[in-house]
Amino acid sequence: MAAITSICLGNLRKRKVQNLLIALLILLSTLLMNTSITVIANSEDLYEDLHQETQGSHEILNLTQGLHNPQQIADWWASQEGVTASVLLPYRPLAGVTYKGEEIPNQYLYMMNTPDRPFGTDELVFAQGKETPLPAPGAVWIPTSLAYKNEIAVGDELQFKAGSTQLTLKVSAIVIDLPLGGPFSTTARIWLNDTDYGHYLGGLPGSDSYFMGIRFTDYSQHEAYWERFENYLGVPFMEERLTYEELSSFYFIMNKIIGFVMSFLGIVMILVALFTIGFTISDSILSSYTTIGIFKSLGLSSRKIIVTYILQYSLLSLVAILPGVVFSRLLSRIIIEQSLSFLKTAQTSIPIQNIGTSVSVGAGMLLVILLCVWLYASKTRPIQPMQAIRYGMSEAAYSGINKRGNRNKRRSSDFERWPVSVVIGLRNVTRNVKGSLLMLLLTTVTTAVLVFGLVLVNSISQMQKTAPLWGYDSANVVIRIVNASELDRAALERDIRADSRIVNLNWAGHAIGVVPGNRMQHSTSTTGQAQSISIPLTVVEGSMDEMGLANITGRNPQNPNEISIGINISRQLGKELGDIIELYIEGKRHSFTVTGIYQSIANMSFQARVTADVVTKLNPDDGYMNLSDVQDSDDIVRQLNDQYSSSIQAVKQQTLLDSVFKEASAVLIIPMSILGLLFLMVSWLIIYSTCRIHIRKETKPYGIYKSIGLTSNTIRGAVTWGIVGLSLIGAGLGILCGISLLPHLLRGLLSSYGIVKLPLFMNWTGISLLALLSITVAGLGCWIASRVILKTTPRILVSE
Amino acid sequence: MLNTAIIQAKNLCKTYSTGSEQFHAIRNIDLDIFQGDFTVIMGDSGSGKSTLLYMLSGLDSLTAGEVYFRQQRIDQFFEKELGAFRTQKIGYVYQSSNLVPDLTLFENIALPGYVAGTSKREVKQKALSLMESMNIDGQQKRLPAEVSGGQQQRAAIARAIMNTPDIIFADEPTGSLNYEQGVKVLDILTQMNAKGQSIVMVTHDIKSACRANRIIFIRDGKVGGMLELDPYSPDGLQDRESLIFSYITGRG
Ligand SMILES: Nc1ncnc2c1ncn2[C@@H]1O[C@H](COP(=O)(O)OP(=O)(O)OP(=O)(O)O)[C@@H](O)[C@H]1O
Ligand SMILES: [Mg+2]
């Protein structure tokens, strides 16, 4: 045993750099794997826990049209066993909100008439401000999503626009509104007390709308309830119904992307670590062949020698895995706090749970590593003591070395074809196949990570150019009617048409379409659903083509009986181009032919587009304008806002998309940069150490080259150019992976979110620069590793 | 041409430091090596022969002193100049052949030619003719490990004279060879010297030393004596050997 520990410690001490490197690789693989798993698991757990704690709804009904009796609906759900229903939450839509004199864009605001708490479902969690039974007079509670994004704090004042009235209210609390206040949400529920509500909003025309939450004790039973509910109604439920998936998925989408990228890279990193370990063990077995032979001749068994390696790497792994797990928990926290910041309260930070998972990830890593060590160390088994002592290698290897010439006989001399330094560089790569493969793999992965990150962030940042493919319009300026009663719409349209800078104007709004359940129809249909489905509709008055709405296949609807559907609708209903869809809109039944299928991130492609011919009441009503010169947008926006300040609100499309981009890229940039840096660092380290090992083995030839007059710098340059050439290939492959393989995988991941085509933007300058960066890092690693050559005096050739 | 110095050493010193200890391997040597001579450096093991040789030939740095090659001071050369100097002016032969193990004999021999930037055709011709004269033709495509030690050493000599250097340095070139092979190598060197090639060879073998026309004895890092002889001829070898022997013993 003493012998074992002494060899083991000796090994650890002797190859300091190599062992440090391996420890670092293990640490990083643990970091990546555990972070990815922790991020994915925790975002779900975090959401689930809060959902549980707040009695979160599985479904939310949004009653806006007065097609059903709200009280009747609320009563029915409240009376069901196994269902918790909220009270009715009355509200009025607001026209806009101004903070510190600036209009906050891209928000649908609902002013809630706060009932007595608890509501029954979706209880509010107070993130900042004092918890009171009801908002104080003149004060509102706003959701974290609105507050954090716009850096609104308790005590700030907000100006809300409701019809023609302006109301200034003070923020007294910031609350987590789980169902409607998630990442990327464009809705915000503002909570006001009943007195103020009546005072400020009572005078508005029209009647209240209602939200209502439904929570099932057993969610899998929800379809049965809906069947009974619609039986009770006698007609399909024709208002908006938000499902659990729609309510929850935006909490996960970013973390899924990050988790995906990280676990992918974690696996790559593990492979690199295992490869390096194998490489190092083989190398150490070869170089201590004689020692092992002597130990064996003294009676140490192979098993004991293998145990020394296992011991050595267990020690190394433990030293690396523990900090890996600790760091990964910190990193996960950063990522989750970034992406799920809306679930954060002032008092409590986001808890990172799953110590168990972390422990099993660590244990799994250890197991995989030791298995690998065992496999490689088993190479010592066949060592024959006599051969080892005599040849310093196995007899087979020894005669192999002397036979190697066969390979060389075929080729004519490299030197006859290329300059000496090219041959030296080339041989440094080809004489070290395993090491070169490893370096190739690393430059490939590093470049892929960098390029993919750039393409992703760049594509999101350039969204205005690809807006139609993300499901948005491509209009230059949007006007929203905030107070229809005061607007002379004909005059507005006349003004706009008279303005030669404006090319066209089309109107669009929202409505709800309901697909009736087919339980009364043919129940044999596999794609059919038992209960009705409510579909958010984009209703266009004018030309969808002019608005810039695009389809993945097919075309935009032009006639009253045509519809274009989102991918997830197409999937759920099993409808393709040319199929017929029956829809209830505003309680009337229509039948549409599918003319196009499109994708949109806004609603996970769960929406559809129809022409205005079938809808009477559009809400809200937005005008989409294209300009002959985009430069004029600012002028036109200012002009319209001045002229019609009381009734419309004009915005540049840029402003709207910026708010989406800001959120997505903020969440992505940190993890992507961390990953990029990590991989740059690892690839530098691996290339450095691989080159160092290899160059050390080759000091003698380099000494000979020097003695015949090559300078150190010539040799270093040659070796470095060889590696640069190798990394050039790696970078090329990496670019391919970064722009096609990884996006392809990501597409697979996003497919369930209704994104099947990624409108990617290739920034070739950036891509080339990043490829250049990873090549430079590789070259630098090699150049620095080749410092040994400087110190090699040809005199070492004498000491034989 | 009579007695022109090709290499001059002035006040040459070399100190090795191992840890805290300092070891003075060469102490204040002044020395001239003459054009066209076959100079042999002799001395006990550890006396500093190799150290001296590598300092004279620009393979190793000096602790103090000056080394001139034809009035050009080489110990202050920049690496680039030193490289060109090694390629063009100097050839080395070591105790073990020191061929690049995975280059063929032909490639090893041709290498200095390629480094010097000679045209590929010329290099090929020269290398092949050298192999022929070294009696290793037909082995072009063999690796060093696939030929005998003597053949390796002859290939090393061929490599040393590839660029027709002004002077050849050899450190115990026969040390690892058996008698017959050793004699072959010495014969080649002698023939080259007869044609005017300057040679400096380190040896501690009296038979090898006989080839010289000038022998420098090194003792404890200093020049311990010098012996001038007639040019070598195979006859009278016996006398020559005893002359050297008595010189050594007489002084020891
Ligand atoms: N790198 C070194 N560090 C310390 N001492 C050294 C070093 N190289 C050589 N020496 C010492 O310098 C002295 C001269 O060494 P050198 O190799 O020149 O001897 P030599 O005369 O060639 O001996 P041999 O006949 O055995 O080859 C020796 O005593 C040796 O131990
Ligand atoms: Mg010596």
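All values below come from the heavy atoms of this structure, side chains included, with hydrogens, waters and symmetry mates left out. Numbered from 1 within each chain, the chains take letters A, B, ... in sequence-line order.
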> chain B heavy atoms under 4.5 Å from A:S712: which part of the residue, side chain, backbone, both or neither?
Replying inline: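 Both parts, heavy atoms under 4.5 Å.
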> Would you say the side-chain atoms of B:T18 and B:E21 include a donor-acceptor pair closer than 3.5 Å?
Replying inline: no
> Using 4.0 Å as the upper bound for N to carboxylate O, is an ion pair formed by A:E698 and A:R431?
Replying inline: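 A salt bridge links A:R431 with A:E698.
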> At a heavy-atom separation under 4.5 Å, does B:L99 approach chain A through its side chain, its backbone, both, or neither?
Replying inline: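 Only the backbone of B:L99 comes within 4.5 Å of chain A.
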> For B:R121, is it the side chain, the backbone, both, or neither that has a heavy atom closer than 4.5 Å to a heavy atom of chain A?
Replying inline: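 It is neither, since no heavy atom gets under 4.5 Å.
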> Do B:M134 and B:I161 have side chains that get closer than 4.5 Å, going by heavy atoms?
Replying inline: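 Counting from C-beta outward, B:M134 and B:I161 do come under 4.5 Å.
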>> Are the side chains of B:V223 and B:F217 in contact, using a 4.5 Å heavy-atom criterion?
In response: no
